[in-house]
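Right, one structure below, let's go through it.
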There are 2 protein chains.
Amino acid sequence: MNTAANTKRPPEPERRETQAERFERIYKVIRERISVLEYGPGTVLNEGLLSEEFDVSRTPIRSVLQRLNYEGLVTTRNGIGTIVTEVDVKTFKDIYALRMRLAEDLGVLSPILPTREMIDKLDDLLARARKLREGPPDYKAYARLCNAVHEQQLELTENKILAEINDLLYYRAARIWLAFLPNIDWEEAMKILENEIADTARALEMGDMQGVGNVRRQHLYIILKTIGRYLVGV
Amino acid sequence: MNTAANTKRPPEPERRETQAERFERIYKVIRERISVLEYGPGTVLNEGLLSEEFDVSRTPIRSVLQRLNYEGLVTTRNGIGTIVTEVDVKTFKDIYALRMRLAEDLGVLSPILPTREMIDKLDDLLARARKLREGPPDYKAYARLCNAVHEQQLELTENKILAEINDLLYYRAARIWLAFLPNIDWEEAMKILENEIADTARALEMGDMQGVGNVRRQHLYIILKTIGRYLVGV
DNA sequence: TACGAGCTACCTGTATATAGCTAAAGTCGC
DNA sequence: GCGACTTTAGCTATATACAGGTAGCTCGTA
């Protein structure tokens with residue numbers, strides 16, 4: 001496991017970090033590593049090493065790992081360690097089926113009024129995606145881009161509960177798509193992502209929130225079908 | 001806070017309870033107390049007292065309370081205690097809006113094949129409801145009946161993720177309906193519940209899973225409207 | 001009399017030694 | 001050589017003393 005120094009305490013802050021802030025910082029770092037497959041399914045995380053890396057005792061690390069456990073990203077085994085979860089085919093399908101339904105809800109439950117700023121952010125993400133396509137496959141950068149698109153999409157509804165559930169399900173299963181990516185053409189993968197970003201931005205420009213939800217749903221459907229065709233073909 | 005002796009270690013079991021089983025037992029007890037308003041919104045729970053009640057140290061109690069914290073049922077304040085959450089009107093509305101959507105999904109995403117056993121269970125619940133209506137208002141019994149109906153409804157889908165999310169949202173907000181109940185006629189409250197159980201059983205008998213989902217949705221809509229009319233009328 | 005500082009009691013957050021669990025390695029008997 | 005049993009090393013789960021945070025009370029001062 002990497003022990004990047006940048007995750008240690010930040011330089012002497014003007015105000016000391018609260019417990020809740022520290023928790024959130026560590027939680028976000030570990031969750032991110034899982035989501036970009038830095039900790040792939042089956043990886044064994046170790047409380048002791050993490051406590052050293054983040055310069056805290058085991059106790060707050062345990063709190064973070066417990067939360068990730070409740071969220072289905074890891075499972076903790078006494079005497080063994082904390083293992084990043086695999087996601088079996090049925091669970092993956094269940095999650096994506098529900099995510100497709102929830103994607104539609106984004107355009108229905110308390111949708112926001114689109115702003116220029118939001119559309120600009122999507123344009124930035126699209127430029128990022130195009131630049132990524134020109135280079136060799138970079139799956140980690142792809143994952144980070146997907147995370148950024150996802151975070152942007154959470155802003156699309158004022159129903160905070162809907163956003164929360166979307167977030168939960170995203171981090172539980174999207175990494176499986178990422179692990180699958182090397183099985184398909186890089187250009188194809190990038191096209192799928194670019195289309196989603198571009199179509200979302202276009203729907204936002206038109207103020208068509210239901211269209212936004214439908215774009216998201218279509219994207220998830222494509223992922224499900226792509227993986228499904230591969231599994232059937234094998 | 002009650003210190004009912006029946007929550008202490010069960011009589012000498014043939015096999016010692018595992019850590020996971022004990023966690024689940026304590027978690028379920030506390031969540032149940034919150035859901036039937038034994039710990040109403042604003043109640044301050046105390047790690048030390050709970051550890052005495054359940055005959056464990058503070059550590060496993062902390063784990064349970066942390067989970068309830070992540071699930072939105074309590075919020076923990078350093079130096080104060082663990083407070084059972086209020087649910088503000090917007091959040092309640094957001095949750096119920098999403099629950100109504102998810103109720104429809106019950107009839108769409110991997111619905112089960114109805115069994116005689118399941119219908120029998122609903123008939124039992126209906127008989128229980130009718131008996132309850134004949135007596136004086138008993139809000140705790142009502143809550144327990146709602147919990148039982150809810151647990152039964154989780155069995156209606158084979159999409160485990162959908163069930164999980166339904167469960168999460170149920171426990172987060174249904175207690176608010178319970179707290180509201182004294183503001184309406186007991187007969188009316190019981191009628192709403194009885195109608196839901198009876199209509200669900202009827203739809204199951206006809207094998208109409210979409211109908212089941214629609215019953216549930218209608219029930220949630222009635223709750224939302226009843227509370228809304230009361231708030232507007234005040 | 002009102003306000004601010006300090007103190008007290010009590011709470012949660014943390015560190016850490018110990019208890020309990022697990023898998024792998026080692027040993028012994030057949 | 002193989003299987004059963006024991007030991008070892010290393011992991012998480014726990015208990016508990018201490019650290020840190022909070023609210024309420026008391027006292028001194030303006």
Side-chain angles (χ1 to χ4, degrees), chain A residues 1 3 7-9 12-27 29-30 34 39 42-86, chain B residues 1 3 7-9 12-30 34 39 42-85:
Chain A
M1 275 180 279
T3 52
T7 55
K8 291 205 181 257
R9 287 202 182 137
E12 201 60 37
E14 296 169 352
R15 177 188 60 95
R16 201 175 63 165
E17 185 178 42
T18 68
Q19 172 270 328
E21 287 165 346
R22 193 188 58 186
F23 176 95
E24 201 68 21
R25 171 169 59 87
I26 298 173
Y27 166 76
V29 168
I30 298 179
I34 292 171
Y39 299 154
T43 305
V44 183
L45 310 184
N46 177 297
E47 292 175 4
L49 292 176
L50 288 170
S51 72
E52 286 171 20
E53 179 189 341
F54 290 101
D55 196 27
V56 291
S57 79
R58 283 174 51 217
T59 313
I61 294 293
R62 291 179 58 74
S63 293
V64 169
L65 293 182
Q66 276 181 10
R67 180 168 177 187
L68 291 169
N69 189 49
Y70 303 142
E71 293 177 346
L73 270 63
V74 301
T75 185
T76 299
R77 289 282 146 76
N78 194 350
I80 302 180
T82 297
I83 304 137
V84 177
T85 46
E86 316 269 0
Chain B
M1 276 180 279
T3 54
T7 56
K8 292 205 183 252
R9 285 197 185 143
E12 201 58 38
E14 296 170 349
R15 175 187 61 96
R16 200 174 62 164
E17 186 178 38
T18 67
Q19 171 271 329
E21 287 165 346
R22 192 188 59 186
F23 176 95
E24 202 68 21
R25 171 170 58 89
I26 297 174
Y27 167 75
K28 285 279 177 62
V29 168
I30 297 179
I34 292 171
Y39 298 154
T43 305
V44 183
L45 310 185
N46 178 297
E47 291 175 4
L49 292 177
L50 287 170
S51 72
E52 285 170 20
E53 179 189 340
F54 290 100
D55 197 27
V56 291
S57 78
R58 283 174 52 215
T59 312
I61 295 291
R62 292 179 57 77
S63 293
V64 169
L65 293 181
Q66 276 180 10
R67 180 169 175 186
L68 291 168
N69 189 48
Y70 303 142
E71 293 178 346
L73 270 64
V74 301
T75 184
T76 300
R77 289 282 144 75
N78 193 350
I80 302 179
T82 296
I83 304 136
V84 178
T85 47

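All chains are named by letter (A, B, ...) in the order of the sequence lines, taking the proteins before the strands, and each is independently numbered beginning at 1. Just so it is clear, the structure is predicted and the values come from calculations on it, not from any experiment.
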Legend entry - Validation row: A/Phe23, A/Pro60 side chains within 4.5 angstrom (heavy atoms): no
Legend entry - Single hit among A/Val29, A/Leu65, A/Val56 for side-chain contact (heavy atoms from CB on, under 4.5 Å) with A/Leu50: A/Leu65
Inset, instruction - Could you check if a side-chain atom of B/Ile61 sits within less than 4.5 angstrom of a side-chain atom of B/Ile26, using non-hydrogen atoms only? - result: yes
Inset, instruction - Classify the side-chain pair B/Gln66/A/Ser63 by whether it contains a donor and acceptor separated by less than 3.5 Å. - result: yes
Inset, instruction - For A/Glu21 and D/dG21, give me the distance from atom CD to atom C1', rounded to whole Å. - result: 15 Å
All N/O contacts under 3.5 Å from nucleotides 10-12 of chain D to the protein, with atom names and distances to one decimal?
| residue | atom | partner | partner atom | Å |
| --- | --- | --- | --- | --- |
| D/dC11 | OP1 | A/Asn46 | ND2 | 3.2 |
| D/dC11 | O5' | A/Asn46 | ND2 | 3.1 |
| D/dT12 | OP1 | A/Glu47 | N | 3.4 |
| D/dT12 | O4' | A/Gly79 | N | 3.2 |
| D/dT12 | O2 | A/Asn78 | OD1 | 3.4 |

Inset, instruction - For B/Glu52 and B/Leu49, indicate whether the former's side chain and the latter's backbone hold a donor-acceptor pair under 3.5 Å. - result: no
Legend entry - For atom CD of B/Gln66 and atom C1' of C/dT14, their distance in whole Å: 12 Å
Legend entry - Separation of C/dT12 C1' from A/Arg22 CZ (nearest whole Å): 13 Å
Inset, instruction - Answer whether the closest heavy-atom distance between the side chains of A/Ile30 and A/Leu45 falls below 4.5 Å. - result: yes
Inset, instruction - Would you kindly give the CD1-to-P distance between B/Ile61 and C/dC11, to the nearest whole Å? - result: 15 Å
Legend entry - Separation of D/dT14 P from B/Glu17 CD (nearest whole Å): 11 Å
Legend entry - Separation of atom CD1 in A/Ile83 from atom C1' in C/dT22, rounded to whole Å: 11 Å
